[in-house]
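Below is one structure, written out as structure tokens, with a few remarks after it.
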Protein chains: 2
Amino acid sequence: MSSQRERAAFIDHLKSHGHRITGERLALFDEIFEQHRHVDAEELLAALHRKGHRISRATVYRNLDLLVACGLVRKQRLGQRRYLYEHIHAGQKHDHLVCRSCGRVVEFVSPGITAMQREICRAHGFSPDHHQFQILSLCAECVAASETQPSH
Amino acid sequence: MSSQRERAAFIDHLKSHGHRITGERLALFDEIFEQHRHVDAEELLAALHRKGHRISRATVYRNLDLLVACGLVRKQRLGQRRYLYEHIHAGQKHDHLVCRSCGRVVEFVSPGITAMQREICRAHGFSPDHHQFQILSLCAECVAASETQPSH
DNA sequence: ACCACTATTGAGACAATTTCTCAATAGCGA
DNA sequence: TCGCTATTGAGAAATTGTCTCAATAGTGGT
Ligand SMILES: [Mn+2]
Ligand SMILES: [Mn+2]
Ligand SMILES: [Zn+2]
Ligand SMILES: [Zn+2]
């Protein structure tokens with residue numbers, strides 16, 4: 001699998017921080033690196049249970065935070081109530097376009113906008129490296145729907 | 001006060017949609033147009049109670065949604081768990097830089113980035129008009145703190 | 001000004017999601 | 001292998017927003 005490097009980085013991080021390498025942690029790592037979409041904690045928990053792992057909800061939440069701290073996972077709200085998680089491959093990043101009405105999410109990469117957000121971060125003393133970027137708008141379908149039935 | 005125009009627009013909106021003009025609605029309007037920062041529903045409720053209004057939590061939430069529907073108020077998550085609200089003056093818009101660690105929020109206006117997000121919206125069939133834009137990063141203080149005490 | 005109609009409100013129950021508690025378990029260094 | 005203690009599991013608790021429904025109060029018509 002192509003997440004060997006990240007798996008090793010996770011184990012290194014655990015060791016170097018005096019954390020233990022537990023079955024639950026590795027199972028969660030494997031699960032989220034198998035998922036190629038935005039998943040929430042509940043989905044990960046269910047998937048792990050389906051595969052026969054006995055792991056609790058609290059452990060999933062706790063170790064997701066750990067993966068985020070390692071920089072291996074992104075945790076974000078994308079319009080929904082729940083936090084969504086996605087693994088990060090080799091530091092590649094992308095940004096999100098979120099429909100505020102139906103929740104649809106589109107990923108995009110825009111070097112131009114990345115450069116500009118870096119500049120804005122710098123101008124205000126924020127880290128240009130740890131940014132995350134969202135555009136909340138309305139997708140074509142939802143715009144069409146709202147034009148058919150003007151407001152409510 | 002400088003929110004006369006918006007207050008009138010609110011009342012017009014209520015009338016034209018067959019909604020009633022209630023004391024609670026006007027009190028909430030006045031309160032949020034007095035606040036010049038991002039406030040959550042709980043803060044608005046407390047402020048109203050402090051001023052002697054008897055208004056319930058449910059009414060605050062319901063009528064905040066109404067103000068959002070009128071386009072007089074913005075409702076957004078800015079890194080925090082709660083929704084934050086801010087009134088809109090004469091359609092002026094700005095975007096937000098949010099510290100993911102301490103929650104600090106900086107407002108900015110960047111014509112360049114606005115043009116680019118418009119372009120990205122258009123490229124993906126999203127409405128270029130209803131966008132909202134956030135950069136989540138780390139403020140200078142939090143970057144300094146995390147460098148002193150590497151991770152947790 | 002008064003009435004009747006019904007939209008709106010208040011109080012608290014409820015729902016959804018995440019965090020906390022603490023006794024039991026299981027990594028890990030010696 | 002042993003002992004220490006970080007981690008886990010199960011469920012309670014916390015947090016935040018929504019829903020319910022009887023009581024209240026705007027509104028249009030008289
Ligand atoms: Mn993504
Ligand atoms: Mn703002
Ligand atoms: Zn949509
Ligand atoms: Zn900060």
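Side chains included, hydrogens not; waters and symmetry mates left out as well; all remaining heavy atoms used. A note on names: the letters A, B, ... follow the listed sequences, proteins ahead of strands, and every chain is numbered from 1.
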Look at [X] and [N] and indicate whether a side-chain polar atom (N or O) is within less than 4.0 Å of OP1 or OP2.
{"X": "A:N63", "N": "D:dT8", "answer": "yes"}
{"X": "A:T22", "N": "D:dT8", "answer": "yes"}
{"X": "B:S56", "N": "C:dA11", "answer": "no"}
{"X": "A:R81", "N": "C:dA16", "answer": "no"}

Should we count NZ of B:K51 as having more than 12 external heavy atoms under 6.0 Å?
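Enclosed: over 12 neighbouring heavy atoms sit under 6.0 Å from NZ of B:K51.
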Within a 6.0 Å radius of atom CZ on A:R54, are there more than 12 heavy atoms belonging to other residues, nucleotides or ligands?
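No, CZ of A:R54 has 12 or fewer neighbouring heavy atoms, counting only those of other groups under 6.0 Å.
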To the nearest Å, give me how far apart [atom1] ([X]) and [atom2] ([N]) are.
{"X": "B:Y61", "N": "D:dC19", "atom1": "OH", "atom2": "P", "value": "13 Å"}
{"X": "A:L66", "N": "C:dT19", "atom1": "CG", "atom2": "P", "value": "14 Å"}
{"X": "B:L28", "N": "C:dT8", "atom1": "CG", "atom2": "P", "value": "14 Å"}
{"X": "A:R57", "N": "C:dA16", "atom1": "CZ", "atom2": "C1'", "value": "11 Å"}
{"X": "A:H19", "N": "D:dT5", "atom1": "NE2", "atom2": "P", "value": "16 Å"}
{"X": "B:Q76", "N": "D:dG17", "atom1": "CD", "atom2": "P", "value": "13 Å"}
{"X": "B:R25", "N": "D:dG26", "atom1": "CZ", "atom2": "P", "value": "11 Å"}
{"X": "B:D40", "N": "D:dT16", "atom1": "CG", "atom2": "C1'", "value": "10 Å"}

Which is more 5' along DNA chain D, the nucleotide nearest A:A58 or the one nearest B:R82? Just name the residue.
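Looking at the nearest nucleotide for each, A:A58 comes out on the 5' side.
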Per the atom types in the model, does the base of C:dT19 pair as donor or acceptor with the side chain of A:R62 at under 3.5 Å?
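There is none.
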Show, in sequence, the C-alpha distance, side-chain angles and deciding distance for B:L67 and B:Y85, and conclude whether the side chain to side chain contact (heavy atoms under 4.5 Å, CB included) test is met.
CA-CA 10 Å; B:L67 285 162; B:Y85 301 83; over 6 Å; no
Using the closest heavy atom to pick a nucleotide of DNA chain C for each, name whichever of A:K75 or B:G18 lands nearer the 5' end.
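Comparing both residues, the 5'-ward one is B:G18.
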Check B:R37 with B:E43, please: is the shortest side-chain N to carboxylate O separation under 4.0 Å?
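A salt bridge links B:E43 with B:R37.
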Using the ring of B:Y83 (Phe, Tyr or Trp, six-membered ring only), decide whether B:R77 places NZ or CZ under 6.0 Å from its centre and within 45 degrees of its axis.
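Yes, B:R77 sits over the ring of B:Y83.
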Remember a base hit wins even if backbone is also touched, and classify [X] as base, sugar-phosphate or nothing at under 4.0 Å, heavy atoms.
{"X": "A:R54", "result": "sugar-phosphate"}
{"X": "B:D65", "result": "nothing"}
{"X": "A:R20", "result": "base"}

